[in-house]
K.L.:
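What follows is a single structure, and I will ask about it in a moment.
Residue numbering restarts at 1 for every chain, and letters A, B, ... go by the order of the sequence lines.
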Number of protein chains: 2
Amino acid sequence: MTQELSPNIQDYLKRIYEITSSGGKASTSQLAETLGISAASVTNMLQKLSKTQPPYVTYQKHQGVKLTEAGRLAALKILRRHRLIEHYLVQKLGYTWDEVHQEAEILEHAMSPLLESRIDAALGYPTVDPHGDPIPDADLAISGVDHIALSRLAVGKHGTITRVPHEDPQVLRYLGKCGLHPGAQIQLLARTPYDQTMRVLILESGEEVVIGPSLGGQIDISET
Amino acid sequence: MTQELSPNIQDYLKRIYEITSSGGKASTSQLAETLGISAASVTNMLQKLSKTQPPYVTYQKHQGVKLTEAGRLAALKILRRHRLIEHYLVQKLGYTWDEVHQEAEILEHAMSPLLESRIDAALGYPTVDPHGDPIPDADLAISGVDHIALSRLAVGKHGTITRVPHEDPQVLRYLGKCGLHPGAQIQLLARTPYDQTMRVLILESGEEVVIGPSLGGQIDISET
DNA sequence: GGTTAAAATTAGTCTAACCTAAATTAGCTT
DNA sequence: AAGCTAATTTAGGTTAGACTAATTTTAACC
Ligand SMILES: [Mn+2]
Ligand SMILES: [Mn+2]
Ligand SMILES: [Mn+2]
Ligand SMILES: [Mn+2]
């Protein structure tokens with residue numbers, strides 16, 4: 001447990017954390033799909049991660065995995081680095097928010113504790129990354145924000161965007177162009193019954209955007 | 001040649017460059033020693049690097065290796081990243097010059113072309129790293145400074161330090177404490193005949209330091 | 001309760017990079 | 001010229017982490 005985990009294992013644990021953070025287990029096929037690795041390889045790795053001392057996941061055949069406490073801490077450690085890097089690249093090196101995820105996916109594995117703390121300090125100990133995701137603090141405590149998916153907001157209600165999906169650069173460029181970034185005030189104007197498409201008013205610009213249900217499910221709002 | 005080389009290979013090429021930059025070839029045992037890898041493994045890798053398309057080294061059994069042009073460019077690319085990172089950590093994140101080599105040894109492999117150019121710009125396109133080593137420019141052109149080793153300076157002569165050894169943190173902390181950094185003005189007061197130990201006057205502080213011949217051989221001076 | 005499709009696992013390979021032990025070669029000394 | 005030693009190479013093996021193909025299990029449906 002003391003020695004560094006391999007970059008591959010770090011990515012597995014991080015992904016399991018992301019999949020299970022809203023409850024439940026991570027399945028072999030979910031991991032295979034999102035990590036871009038064959039299901040057979042994932043099974044292999046999950047069995048290995050469940051047999052380490054201490055184990056990082058609890059694994060039962062055909063039942064998917066959950067993180068153990070050791071696994072959760074390892075995942076939060078790398079998640080903290082990932083999000084600090086994203087924030088740093090935007091704040092200090094002029095990156096746009098669609099460029100940072102890919103960079104952070106690599107750099108997170110090359111970051112020493114010293115670099116982590118220097119970057120944290122240089123940013124003034126930030127609590128959220130450019131996409132609105134919370135950054136675990138140095139003790140790996142993570143703030144649970146209470147939010148609701150845009151797709152569940154009642155029609156007519158006002159809200160503030162707290163979080164957007166962070167992986168797909170195309171989506172991020174689109175959202176950025178619309179002004180749909182964390183902190184933006186919006187009002188849900190309408191939701192069509194048939195396909196659940198939403199019309200959203202962006203208060204700052206007065207413009208109206210159309211958001212489909214799958215994207216709307218990945219955007220978080222705090223009601224106001 | 002287009003695809004990225006592995007971190008291991010990058011380190012091999014960088015080390016071959018460093019060893020051969022003052023002419024000659026790099027031997028298996030030199031590489032094994034300085035990379036901390038067994039000689040058998042080094043032989044293996046050298047044979048592999050000589051059989052790629054294009055080859056990165058010219059290898060003849062028992063004769064050591066030299067870099068090909070492709071190998072030289074690959075080495076300079078990673079050396080540029082290494083030195084940019086070192087400079088950035090010192091300038092922007094408050095690192096001391098003895099802490100940066102180890103960090104850069106890892107980060108150099110995780111640096112994208114975009115990050116490289118952003119850091120380069122943020123630093124104002126620097127030409128030397130914290131230890132006085134030249135940073136290849138974006139086209140991998142590297143400036144050949146004319147310098148002489150401190151151990152070859154004539155007694156009584158004045159000079160400016162241009163470069164110090166960069167790997168050993170202990171040595172660097174000692175040099176830093178003495179004020180022996182690139183740019184420092186010195187005068188060589190004496191060299192004992194028997195063991196070639198040197199007495200060096202640091203003009204800025206007026207203090208005197210004793211430098212042994214092996215360290216003196218790794219410190220470069222431009223005569224003034 | 002049996003059929004079936006999807007999901008997961010097992011079995012068998014592969015590559016990159018390392019290792020140790022054994023064999024060979026180069027280069028120096030007598 | 002032969003012998004010795006240090007350097008190098010070869011041979012054989014390991015580990016991490018991936019792959020494909022074949023098999024097994026689950027879960028849903030009739
Ligand atoms: Mn990653
Ligand atoms: Mn993010
Ligand atoms: Mn390196
Ligand atoms: Mn340096």
K.L.:
Rounding to a whole Å, what distance do you find between A/Gln47:CD and D/dG17:P?
P.N.:
15 Å

K.L.:
If you assign each of A/Tyr12 and A/Lys61 to its closest nucleotide in DNA chain D, which residue comes earlier from the 5' end?
P.N.:
A/Tyr12

K.L.:
Is it true that A/Arg81 and A/Glu105 have a side-chain N and a carboxylate O under 4.0 angstrom from each other?
P.N.:
no

K.L.:
Between D/dA7 atom P and B/Glu33 atom CD, what is the distance in whole Å?
P.N.:
10 Å

K.L.:
Take A/Ser41 and A/Gln63, find for each the nucleotide of DNA chain D with the closest heavy atom, and name the residue whose nucleotide sits nearer the 5' end.
P.N.:
A/Ser41

K.L.:
Less than 4.0 angstrom from a charged side-chain N to a carboxylate O is my criterion; do A/Glu4 and A/Lys77 meet it?
P.N.:
yes

K.L.:
Taking the side chain of B/Met45 as heavy atoms from C-beta outward, which of C/dA8, C/dC18, D/dT8 is closest to it?
P.N.:
C/dC18

K.L.:
Looking at D/dA11, C/dC18, C/dA11, which one has an atom nearest to any side-chain atom of B/Ala40?
P.N.:
D/dA11

K.L.:
Please pick, from C/dC19, D/dG17, D/dT8, the nucleotide with the shortest atom-to-atom distance to any side-chain atom of B/Thr28.
P.N.:
D/dT8

K.L.:
C/dA8 phosphate, OP1 or OP2: any side-chain N/O from A/Tyr59 under 4.0 angstrom?
P.N.:
no

K.L.:
Side-chain contact, heavy-atom cut-off 4.5 Å: B/Val57 with B/Thr68?
P.N.:
no

K.L.:
If you check every side-chain atom of B/Lys48, which of C/dC18, C/dA17, D/dA11 has the closest atom?
P.N.:
C/dA17

K.L.:
Does a nitrogen or oxygen in the side chain of A/Ser38 sit under 4.0 Å from OP1 or OP2 of D/dC19?
P.N.:
yes

K.L.:
May I ask you to establish whether B/Arg118 and A/Tyr95 are in a cation-pi arrangement, using a distance under 6.0 Å from NZ or CZ to the six-membered ring centre and at most 45° from the ring axis?
P.N.:
yes

K.L.:
Does D/dA18 have OP1 or OP2 sitting under 4.0 Å from an N or O in the side chain of A/Asn8?
P.N.:
yes

K.L.:
Name the closest nucleotide to the B/Ser27 side chain, picking from D/dT8, D/dG17, C/dT9.
P.N.:
D/dT8

K.L.:
Heavy atoms only, 4.0 Å cut-off, all strands: where does A/Thr43 land among base, sugar-phosphate and nothing?
P.N.:
base

